[in-house]
Enquirer: 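Encoded as structure tokens, here's the structure I'll be asking about.
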Amino acid sequence: MRIAGRRVTAKTVLLYAIVITVTVVMLMPFAWMLSASLKLSRDVFAFPIEWIPAEPQWQNYVDIWTKIPLALFIYNTSKLTIIVTLLQLLTSSFAAYAFAKLNFPYKNTLFLGYIATIAMPWQVYMVPQFLLMREFGLNNTHLALICLQAFTAFGVFLMRQFYMSIPTELCEAARIDGMNEYQIWARIMLPLSKPALSTLTIFTFVTTWNDFLGPMIYLTKTELKTVQIGLRMFISQYSAEYGLIMAASVVALIPVLIVFLSLQRFFVEGIASTGLKG
């Protein structure tokens, strides 16, 4: 089989068919959510699915701002997400530089011990964390979530693997020129690590924005809640306004899409480069 002068094999056709099928399957939930956001609650689960509503309920996108303080929830979520993301970028890149380019006793042992914490589920130590924050008087504050999420072993691992691929000779030359370690980190390592920083930004932003269990444990005051907790306010004891839930979910998804699409050109490069050397 030939298309535009190029030979297309059955293997290629099968590969493209599989890719297209997987893509459609992955996008169907988002298409259903968008469709459901324009329906009345009683029509959301109607079968067969009406992908394009005959009478779109655009009012859903107006009601979500008045039924609950959605703007406040989005502000709280944005504040937490931006602060946590910036702190993780700072702490992870700083610690990773030490593990990758500095020599100190038990460096590898400390690194392996820190990375080993990735294997421990958060549910194992969330109760001790809660008790600790309570003793510090940080319950019902955003500061509790910020303190708990400001450091990440995954971020250190990701950045350290990228730093290992940068020639050590650059750091040695900078030391000869009179730079200290802080200047080397800020002026050489950070500018060269944009792909890894972009990758970590995406992971951290998405994880923090979508976090449900953490805010549910630490935040009980309405004025402090995040958008993921706020969505539950559409569910009462006897009913649930699914159309409004889907509309609010679409709105909550927009910032994540913006961040991913703006940084996606660095994403693949960052993932690939973190495994080059270690």
Enquirer: Which hydrophobic side chains are connected to V25, either touching it within the sub-4.5 Å cutoff or through other members that do?
Expert: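 Its cluster mates, by chain and number: none.
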Enquirer: For the pair Q88 (side chain) and Q149 (backbone), establish whether a donor and an acceptor sit closer than 3.5 Å, ignoring hydrogens and angles.
Expert: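 Indeed, once roles are kept as given, a pair shorter than 3.5 Å links the two residues.
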Enquirer: Start with the C-alpha distance between D63 and F234, add both sets of side-chain angles, then the distance that settles side-chain contact (heavy atoms from CB on, under 4.5 Å), and finish with yes or no.
Expert: CA-CA 11 Å; D63 292 341; F234 287 121; over 6 Å; no
Enquirer: Once you measure the plane-to-plane angle for Y61 and W58, does it fall in the parallel (<30°), tilted (30-60°) or perpendicular (>60°) bin?
Expert: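 The rings of Y61 and W58 sit tilted, inter-plane angle from 30° to 60°.
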Enquirer: Do the side chains of N180 and I184 get nearer than 4.5 Å, heavy atoms only?
Expert: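 Of all side-chain heavy-atom pairs linking N180 with I184, none is under 4.5 Å.
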Enquirer: Using links of under 4.5 Å between side-chain heavy atoms of ILVMFWY residues, direct or through other members, which residues join I18 in one cluster?
Expert: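 Via sub-4.5 Å side-chain contacts, I18 links to L14, V22, M26.
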Enquirer: Any side-chain heavy atom of L145 within less than 4.5 Å of one from P215?
Expert: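 Yes; the side chains approach each other to less than 4.5 Å.
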Enquirer: When you look at T201 and L89, which way does the side-chain contact (heavy atoms from CB on, under 4.5 Å) test go after all the steps?
Expert: CA-CA 7 Å; T201 298; L89 291 176; 3.5 Å; yes
Enquirer: To the closest 0.5 Å, what do you measure between CG (L87) and OG1 (T152)?
Expert: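 L87 atom CG to T152 atom OG1 measures 12.0 Å (nearest 0.5 Å).
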Enquirer: Please report the closest heavy-atom contact between A248 and L231, naming both atoms and the distance.
Expert: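 Nearest heavy atoms, A248 then L231: CB-CD2, 3.2 Å.
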Enquirer: Test side-chain hydrogen bond (donor to acceptor under 3.5 Å, both in side chains) on S37 and N60 and set out the steps.
Expert: CA-CA 7 Å; S37 70; N60 288 347; over 6 Å; no
Enquirer: Please answer: with hydrophobic residues joined when any side-chain heavy atoms are less than 4.5 Å apart, are L263 and V84 in the same cluster?
Expert: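 Per the 4.5 Å side-chain linkage, L263 and V84 are not co-clustered.
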Enquirer: Main chain of F205, side chain of T208: is a donor-acceptor contact present, judged purely on distance under 3.5 Å?
Expert: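 Absent.
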Enquirer: Do the rings of F111 and F157 sit parallel, tilted or perpendicular, given the 30° and 60° boundaries?
Expert: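 Plane angle under 30°, so parallel.
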Enquirer: Which distance, rounded to the nearest 0.5 Å, do you find between the CD1 of I52 and the CG of L38?
Expert: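 So the gap between those two atoms works out to 10.5 Å.
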Enquirer: Can you tell me how far CZ of F73 sits from OG of S78, rounded to the nearest 0.5 angstrom?
Expert: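 Between atom OG of S78 and atom CZ of F73 there are 13.0 Å.
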Enquirer: What closest approach, in Å, do Q183 and G178 show between heavy atoms, and which atom pair accounts for it?
Expert: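 Heavy atoms only, the tightest pair is OE1-O, 4.0 Å.
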Enquirer: Using modelled atom types and a 3.5 Å cut-off, is there a donor and acceptor pairing between side-chain atoms of Q57 and backbone atoms of E55?
Expert: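 Side chain of Q57 to backbone of E55, a donor-acceptor pair under 3.5 Å: yes, one is there.
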Enquirer: To the closest 0.5 Å, what do you measure between CZ (F212) and CE (M216)?
Expert: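 Rounded to the nearest 0.5 Å, the CZ-CE separation comes out at 5.0 Å.
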Enquirer: Check E241 with K67, please: is the shortest side-chain N to carboxylate O separation under 4.0 Å?
Expert: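 Yes, charged N to carboxylate O under 4.0 Å.
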Enquirer: How about V127 and L131: do any of their side-chain heavy atoms sit closer than 4.5 Å?
Expert: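 Yes, at least one pair of side-chain atoms sits under 4.5 Å.
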Enquirer: Assign the ring pair F130 / Y218 to parallel, tilted or perpendicular, where the plane angle (0 to 90°) is split at 30° and 60°.
Expert: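 F130 vs Y218 ring planes: tilted.
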Enquirer: Enter the distance from M246:CE to K39:NZ here, rounded to the nearest 0.5 Å.
Expert: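 Atom-to-atom, M246:CE and K39:NZ are 11.0 Å apart.
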Enquirer: So which heavy atom on S35 is nearest to which on P53, and how close?
Expert: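 Scanning both residues, the minimum pair turns out to be O-CG, 3.8 Å.
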Enquirer: Just so I know, are the side chains of N139 and L219 near enough to count as touching, which here means a heavy-atom distance under 4.5 Å?
Expert: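 No; the side chains remain at least 4.5 Å from each other.
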Enquirer: Return the minimal non-hydrogen interatomic distance between L190 and L197, and the atom names on each side.
Expert: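 Heavy-atom minimum between the residues: O-CD1, 3.9 Å.
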Enquirer: On the 0 to 90° scale, with breaks at 30° and 60°, tag the F94-Y182 ring pair as parallel, tilted or perpendicular.
Expert: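 Geometry flag for Y182 against F94: parallel rings.
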Enquirer: Please say yes or no: joined through hydrophobic side-chain contacts below 4.5 Å, possibly via intermediate residues, are M233 and V62 part of one cluster?
Expert: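 No, it is not one cluster - the side chains of M233 and V62 are not joined through contacts under 4.5 Å.
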Enquirer: Is there a side-chain contact between L224 and T141 in this structure, where contact means two heavy atoms from C-beta onward sitting under 4.5 Å apart?
Expert: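 They are not in side-chain contact.
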Enquirer: Which pair of heavy atoms, one from A252 and one from V227, lies closest together, and at what distance?
Expert: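 That would be CB-CG2, 4.1 Å.
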Enquirer: Group every Ile, Leu, Val, Met, Phe, Trp and Tyr by side-chain heavy-atom contacts under 4.5 Å, then state whether L170 and F162 land in the same group.
Expert: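 Linked within one cluster.
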Enquirer: Can you tell me how far the CD1 atom of I229 sits from the OG1 atom of T222, to the nearest 0.5 Å?
Expert: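 Taking CD1 in I229 and OG1 in T222, the distance rounds to 11.5 Å.
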Enquirer: Hey, quick one: are W209 and L148 part of the same hydrophobic cluster, counting side-chain heavy atoms closer than 4.5 Å, chains of contacts allowed?
Expert: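 Result: no, two separate clusters.
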Enquirer: Would R175 and E181 count as a salt bridge (Lys or Arg N to Asp or Glu O under 4.0 Å) if you check the C-alpha gap in whole Å, the side-chain angles of each, and the deciding distance to 0.1 Å?
Expert: CA-CA 8 Å; R175 293 187 186 103; E181 302 301 334; 2.7 Å; yes
Enquirer: Which heavy atom in N76 sits nearest to a heavy atom in K225, and how many Å separate them?
Expert: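 Answer, listing the atom of N76 first, then K225: ND2-O, 2.9 Å.
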Enquirer: Quick one: does M159's side chain get under 4.5 Å of S193's, heavy atoms only?
Expert: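 Yes, side chains in contact.
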Enquirer: side-chain contact (heavy atoms from CB on, under 4.5 Å), that's the test. Do S198 and I202 meet it? Break it down for me.
Expert: CA-CA 6 Å; S198 299; I202 292 174; 5.5 Å; no
Enquirer: May I ask you to test the N108-F99 pair for a side-chain heavy-atom distance under 4.5 Å?
Expert: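 No, every pair of side-chain atoms sits at 4.5 Å or beyond.
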Enquirer: Taking the side chain as everything from C-beta on, heavy atoms only, tell me whether Y163 gets closer than 4.5 Å to S93.
Expert: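 Yes, at least one pair of side-chain atoms sits under 4.5 Å.
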